[in-house]
There are 2 protein chains.
Amino acid sequence: MSPLPAAEHRVAVDVVTIALDETGSGAGSPVFLTLRRPRDPFAGDWALPGTLVRPDESLESAVLRILGDGPGLPRPRHLEQLATFGGPRRDPRGRVFSVSYLALAPRPAEVRRTARWWPVEAPPPLAFDHAAIVDAALRRLRGKLSYSNVAYGLLPDTFTLSELQAVYEAVLGHPLDKRNFRKKVLALGVVTEAAGQRRGPHRPAQLYRFRDTELVVLDDVIPV
Amino acid sequence: MSPLPAAEHRVAVDVVTIALDETGSGAGSPVFLTLRRPRDPFAGDWALPGTLVRPDESLESAVLRILGDGPGLPRPRHLEQLATFGGPRRDPRGRVFSVSYLALAPRPAEVRRTARWWPVEAPPPLAFDHAAIVDAALRRLRGKLSYSNVAYGLLPDTFTLSELQAVYEAVLGHPLDKRNFRKKVLALGVVTEAAGQRRGPHRPAQLYRFRDTELVVLDDVIPV
DNA sequence: GCAAAAGTGTTATATCTACACCCATGC
DNA sequence: GCATGGGTGTAGATATAACACTTTTGC
């Protein structure tokens with residue numbers, strides 16, 4: 001068995017973590033997580049959390065390590081690979097391949113000082129080609145909302161149908177018809193009734209949960 | 001600007017090239033291209049065409065190089081990245097990341113001796129994790145047929161609607177209704193009439209061409 | 001004239017879209 | 001009792017799915 005040529009590349013993972021901003025009532029607006037770069041290149045700019053992949057570590061382990069390490073995020077509820085960015089000049093220090101991931105997670109109350117959440121529709125200037133990676137993440141998420149149960153990644157275990165609808169509206173950026181939305185998610189069996197109600201200064205709302213807590217691709221589509 | 005840590009990884013591209021077998025009449029059955037491995041590991045087995053990425057080369061250039069180099073394929077009509085496979089043990093010689101691509105191309109009359117086309121539904125045992133990569137390619141292609149014009153990658157510049165339908169049927173593995181299929185692709189404007197007819201021992205058929213020769217995601221769906 | 005594929009419309013069914021009011025609660 | 005969000009049904013329009021025969025050519 002002939003040996004392999006010498007290793008020539010660095011491989012990193014970069015993660016777009018999307019969560020919902022809890023300010024205000026209902027499901028908030030979608031935000032994504034960045035870290036401030038302490039050093040050149042792009043010192044002071046914001047960048048996606050990322051790390052070089054260690055020799056014996058899988059890509060997913062590297063993602064979970066960086067999310068655990070740094071900003072104090074819980075394990076993401078959903079994680080999927082997006083794409084690999086490999087232009088020879090994407091890092092001015094030398095060639096680094098970036099395998100990018102989309103993570104969906106509940107938003108923790110606090111992140112450490114060097115981390116910050118940004119609204120997806122108003123991102124800051126980002127280091128490297130990270131703006132393109134965030135774009136890819138949003139396109140993926142928006143697409144998958146209609147034909148999968150991927151929204152489970154953004155919601156707690158139980159939630160009301162209005163909260164679910166608010167997630168769709170926040171991510172897609174436009175309103176949906178309440179009756180049609182409810183009819184469809186119930187008919188598709190994406191969610192099932194859970195015990196209990198959400199109470200507030202108004203009529204209590206029935207709680208639901210996702211039937212599956214991993215990605216399920218639907219046969220039919222939720223009209224968006 | 002602090003230097004990067006030493007390079008620790010090898011990065012390869014592996015390509016699933018899908019074409020249509022021309023034996024018989026109409027559009028043939030989908031086949032994919034493999035090369036026979038001359039050396040261990042997996043000596044004598046079939047593997048996807050692939051190559052290590054060179055230091056100054058983009059991922060796509062590496063793909064085009066390996067397709068040009070080897071089996072005498074024309075430039076693919078469609079090329080898209082699939083996913084990156086990075087398990088630490090996927091190559092017994094040492095760690096190699098594989099960035100996989102889906103290529104669609106017309107099938108050349110001849111490929112060199114060490115290359116071979118296989119029907120997608122009856123692949124041989126494949127080296128490494130290449131069976132999983134072929135799976136991903138097929139799932140991607142099947143999905144995209146219904147909501148994009150990706151079939152342009154499998155067809156010549158002009159073709160009849162029956163040939164287009166045969167491509168769909170061959171890739172999806174089930175028959176479609178002729179009248180409904182024609183109505184839909186014409187209504188969506190995916191194809192437009194071209195000059196000329198295809199003649200044979202029967203009534204001549206109008207030729208069509210794709211309106212766009214790059215990937216277009218459709219608003220509506222071709223029912224499949 | 002016969003075999004082979006091209007081409008073409010309609011109807012019943014299902015789905016989608018748009019839309020407005022009453023209900024249950026907290027205060 | 002009032003403000004707030006929760007919850008529900010229908011009708012018209014649109015899209016889908018199923019279906020068979022005539023046309024044009026080569027031989």
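Every chain is numbered from 1, with letters handed out A, B, ... down the list of sequences. Note that this is a predicted model, so its numbers are computed, not measured.
In the displayed structure, A:Asp219 atom CG is contacted under 6.0 Å by at most 12 heavy atoms of other residues, nucleotides or ligands. Taking a 6.0 Å sphere around CD of A:Glu214, one finds it holds 12 or fewer heavy atoms contributed by other residues, nucleotides or ligands.
For B:Gly200 and B:Val221, each mapped to the nucleotide of DNA chain D holding its nearest heavy atom, the one lying further toward the 5' end belongs to B:Val221. With DNA chain D read from its 5' end, the first of the two nearest nucleotides for B:Arg203 and A:Arg203 is the one closest to A:Arg203.
Residues passing the side chain to side chain donor-acceptor pair (under 3.5 Å) test with B:Thr51, sequence neighbours excluded: B:Arg65.
Under 3.5 Å, the side chains of A:Ser162 and A:Arg182 contain a donor-acceptor pair of N or O atoms.
In this entry the distance linking NE2 of B:His202 with P of D:dG26 reads 10 Å, nearest Å. Distance, A:Arg179 CZ to C:dT15 C1': 17 Å, rounded to whole Å. Taking atom CG on B:Leu176 and atom P on D:dT16, their separation rounds to 14 Å, with Å as the unit. At whole-Å resolution of the value, NZ in A:Lys178 and P in D:dG6 are 6 Å apart. Whole-Å rounding puts the A:Phe181 CZ to C:dA18 C1' distance at 17 Å. The nearest whole Å value for the distance from the CG atom in B:Asp177 to the C1' atom in D:dA20 is 11 Å. Nucleotide C:dA6 holds its C1' atom 15 Å from the CG atom of B:Leu164, rounded to whole Å. Computed from coordinates, the B:Asp220 CG to D:dA15 P distance equals 8 Å when rounded to whole Å.
Side-chain nitrogen and oxygen atoms of B:Lys184 include none within less than 4.0 Å of the OP1 or OP2 phosphate oxygen of D:dA17. For C:dA5, neither phosphate oxygen OP1 nor OP2 lies less than 4.0 angstrom from any side-chain nitrogen or oxygen of B:Ser162.
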What are the atom names and distances for every N/O pair under 3.5 Å that joins the protein to nucleotides 10-14 of chain D?
residue : atom : partner  : partner atom : Å
D:dT10  : O4   : A:Lys183 : NZ           : 3.0

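The nucleotide whose nearest atom lies closest to any side-chain atom of B:Pro223 is, among D:dT24, D:dA17, D:dT8, D:dA17. Among the nucleotides D:dT25, D:dG7, C:dG26, the one closest to any side-chain atom of A:Arg199 is C:dG26.
Of the charged side-chain nitrogens involved, at least one lies within less than 4.0 Å of a carboxylate oxygen, so that A:Asp21 and A:Arg107 count as a salt-bridged pair.
Residue pairs meeting the ring pair (Phe, Tyr, Trp, His ring centres under 6.0 Å) criterion with at least one member in residues 190-224 of chain A, sequence neighbours excluded: A:Phe159-A:Phe210.
Here the rule is side chain to side chain contact (heavy atoms under 4.5 Å, CB included) with B:Leu64, and of B:Val13, B:Leu59, B:Leu79, B:Val15 only B:Leu79 fits it.
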